[in-house]
Amino acid sequence: MNNFCSAPFRGFYQGLDGKISVCCQTPVLIDNNNYEEALQDEKIKNLRKKFLKNEIPVECKICTKRVRNETTKLCESDNENFKVDEHVPVFLDLLWSNKCNFSCMGCNPRISSSMLRYKNAVDLVDPYNTFDANYSWNSSEEQQNRIDFILRHKNTIKSIHLNGGEPLMQEGFYDLLNQLIKYKATNIGIWSHTNGSITKYKNKDILNLLKQFDKCKIIMSHDGIGKKGEYVRYGLKQDVWLKNYKRFTNENIQVDVQVCYNIFNCLQLEEMADWYEDNLNTKPNLSLWNWPPSYSAQYIKKDKKLYEKAILILETHGKRFRKYEYVIDFMKQSLEHDLNEMHWRFSESISEFDRLRGTDFLETFPELEELYY
């Protein structure tokens, strides 16, 4: 079935505010502390009914075929007998809280607690930031419920993904791993994102835990090198990031590096690729940063010469990254947002970030001056 997605049958997502869904695209959100009951909610059953008819539910229209295919692959199991009234957990995607020590451009206070001090700047660039916002959510009190659910289904769960905030600052992450080790469930794959700032938290060393699992992968985010990277991922210290990268790899833990292509790094791709080839033993994955619109690389279309330069760099050096073809397709798509509004939001928000942080955008990104004024 071309339109099928197995997430409603095999996926489990707990995200912002501790609410439950079946994938990170959150087609529906269920507020129920009983996970078994939540996964039998009529809204989720309706998703299953539609997919079994080879129809895409209206709640999933925003998702893409590529994401559905990737999700279905993550949710593959030995039991492919899909039923409307049955949920078999295979892939879990979990956020404990928004605790984070970085304030990255393009993020918002719902995802990073450190970003709250820059809320005025975020509001300027992201028109939807204040929509139904809760800036202090934390599902740690649900921690034992979540762990109990995982232990009940440890025979079917194949992979658990930890997202953030900063996952390596979540005490629940360490408690979960300890419980899985205690109950001999180290066959479950562990997959976590991190900003690369820490490998130890409150005298707990994440490497000592991860080494006990058959399969584990750490995805380290990195969106620019030198002062440019430290401007975009505010809180980043490149030497610390590289030290932690080497600490993971020296322990034979699989590490992927994820680079989000955006307005700040689209002209720096060649220099970034050089740095990665000199310092890493993996080819980074090039993913897309398309929200807020003014920080997406498509905003460079405001200046024709800069856009042509960005495309040339992407076509020449994109192949030094994985999955770059998807980024080229995105950059050549028609612009869906008004350039005048994008310009206003970009300039005003950058000015406010500089005021609040004491940074200097034009000193750091002189090549983007035409997009600022």
Side-chain angles (χ1 to χ4, degrees), residues 5-15 18-24 26 30 32-41 44-45 47-48 70-97 138-165 167-168 170-194 201 204-219 248 251-254 256:
C5 178
S6 59
F9 305 87
R10 301 290 183 262
F12 177 93
Y13 172 82
Q14 188 167 37
K19 293 183 179 180
I20 295 166
S21 189
V22 294
C23 72
C24 65
T26 60
I30 312 298
N32 189 327
N33 292 338
N34 185 314
Y35 300 150
E36 309 285 359
E37 290 180 3
L39 291 166
Q40 293 303 324
D41 188 274
I44 294 180
K45 285 185 178 181
L47 299 181
R48 296 179 192 144
E70 290 180 356
T71 301
T72 296
K73 186 175 182 180
L74 286 168
C75 294
E76 284 179 353
S77 72
D78 298 329
N79 178 6
E80 294 302 310
N81 184 22
F82 299 109
K83 299 177 182 178
V84 170
D85 296 321
E86 183 179 78
H87 184 275
V88 180
V90 174
F91 173 63
L92 277 61
D93 195 353
L94 306 175
L95 285 73
W96 249 272
S97 79
N138 190 327
S139 60
S140 59
E141 62 186 39
E142 285 296 305
Q143 178 174 312
Q144 196 56 51
N145 283 346
R146 186 183 299 109
I147 291 176
D148 288 344
F149 175 80
I150 292 170
L151 293 176
R152 280 197 303 274
H153 296 283
K154 60 185 174 65
N155 292 329
T156 66
I157 295 172
K158 291 190 172 183
S159 180
I160 299 175
H161 176 228
L162 278 295
N163 216 327
L168 302 192
Q170 312 290 335
E171 291 186 58
F173 186 12
Y174 296 83
D175 291 338
L176 169 63
L177 296 185
N178 277 316
Q179 289 289 308
L180 292 175
I181 293 167
K182 177 181 177 181
Y183 289 98
K184 303 186 186 306
T186 54
N187 61 302
I188 295 175
I190 302 298
W191 167 26
S192 179
H193 278 75
T194 179
Y201 184 66
K204 300 173 184 178
D205 191 329
I206 190 63
L207 278 83
N208 291 336
L209 297 175
L210 291 177
K211 286 189 295 185
Q212 300 184 57
F213 286 79
D214 298 341
K215 293 178 291 184
C216 64
K217 179 167 70 173
I218 295 294
I219 299 180
F248 281 121
E251 294 291 345
N252 295 317
I253 291 174
Q254 181 184 353
D256 278 353

Item to complete: Check whether more than 12 heavy atoms from other residues, nucleotides or ligands sit under 6.0 Å from atom NZ of Lys83, and answer yes or no.
Response: no
Item to complete: Please lay out, stage by stage, how Tyr35 and Arg146 fare under the test side chain to side chain contact (heavy atoms under 4.5 Å, CB included).
Response: CA-CA 8 Å; Tyr35 300 150; Arg146 186 183 299 109; 3.9 Å; yes
Response to the item:
Of all heavy-atom pairs linking Cys24 and Asp93, the shortest is CB-OD2, 3.7 Å
Worksheet item: Quick one: does Phe173's side chain get under 4.5 Å of Leu94's, heavy atoms only?
Response: no
Worksheet item: When rounded to the nearest 0.5 angstrom, what distance separates CG in Asp214 from CG in Asn187?
Response: 6.0 Å
Discussion item. If you compare all heavy atoms of Pro8 against all heavy atoms of His87, which two are closest, and at what distance to 0.1 Å?
Written reply: O-CD2, 3.4 Å
Discussion item. As a quick check of understanding, evaluate side chain to side chain contact (heavy atoms under 4.5 Å, CB included) for Ile206 and Tyr174, giving each step before the final call.
Written reply: CA-CA 7 Å; Ile206 190 63; Tyr174 296 83; 3.9 Å; yes
Worksheet item: So, do Phe9 and Arg48 sit near enough that their side-chain heavy atoms are less than 4.5 Å apart?
Response: yes
Worksheet, complete the sentence: Nearest heavy-atom approach of Ala38 to Ile30 is CB-CG2, 3.7 Å
Output a table of donor-acceptor pairs, distance under 3.5 Å, between side-chain atoms of residues 147-157 and any protein atom two or more places apart or on a different chain; print 'none' if there are none.
residue: Asp148; atom: OD1; partner: Gln144; partner atom: NE2; Å: 2.9
residue: Arg152; atom: NE; partner: Glu36; partner atom: OE2; Å: 3.4
residue: Arg152; atom: NH2; partner: Glu36; partner atom: OE2; Å: 3.3
residue: His153; atom: NE2; partner: Glu36; partner atom: OE2; Å: 2.8
residue: Thr156; atom: OG1; partner: Pro89; partner atom: O; Å: 2.7
residue: Thr156; atom: OG1; partner: His153; partner atom: O; Å: 3.2

Item to complete: With rounding to the nearest 0.5 Å, note down the distance linking CG in Asp175 to CH2 in Trp96.
Response: 8.0 Å
Fill in: Candidate pair Leu74 and Trp191, rule side chain to side chain contact (heavy atoms under 4.5 Å, CB included), full reasoning
CA-CA 12 Å; Leu74 286 168; Trp191 167 26; 3.9 Å; yes
Practice prompt. Could you tell me which non-hydrogen atom of Gln212 sits nearest to which non-hydrogen atom of Ile181, and how far apart they are?
Written response: OE1-CG2, 3.4 Å
Discussion item. So Leu180 and Ile190, do their side chains get closer than 4.5 Å, heavy atoms only?
Written reply: yes
Worksheet, complete the sentence: Separation between NZ (Lys45) and CG (Asp85), nearest 0.5 Å, reads 4.0 Å
Practice prompt. With rounding to the nearest 0.5 Å, note down the distance linking CG in Asp205 to CG in Leu168.
Written response: 10.5 Å
Fill in: Side chains of Phe248 and Leu210 in contact at under 4.5 Å (non-hydrogen atoms)
yes
Worksheet item: Can you check whether Gln143 reaches Glu171 side chain to side chain, under 4.5 Å on heavy atoms?
Response: no
Worksheet item: Once you round to the nearest 0.5 Å, how far does CD1 of Ile20 lie from CD1 of Ile44?
Response: 7.5 Å
Fill in: Leu207 versus Glu251, closest heavy-atom pair with distance
CD2-CG, 3.2 Å
Worksheet item: For the residue pair Glu76 and Val90, what are the closest heavy atoms and their distance?
Response: O-CG1, 3.4 Å
Item to complete: Mind checking the CG-NE2 spacing from Asp256 to His193? Nearest 0.5 Å is all I need.
Response: 9.0 Å
Discussion item. For a side chain to side chain contact (heavy atoms under 4.5 Å, CB included) check, start with the C-alpha distance between Leu177 and Phe213, then their side-chain angles and the critical distance, and finish with the verdict.
Written reply: CA-CA 9 Å; Leu177 296 185; Phe213 286 79; 3.8 Å; yes
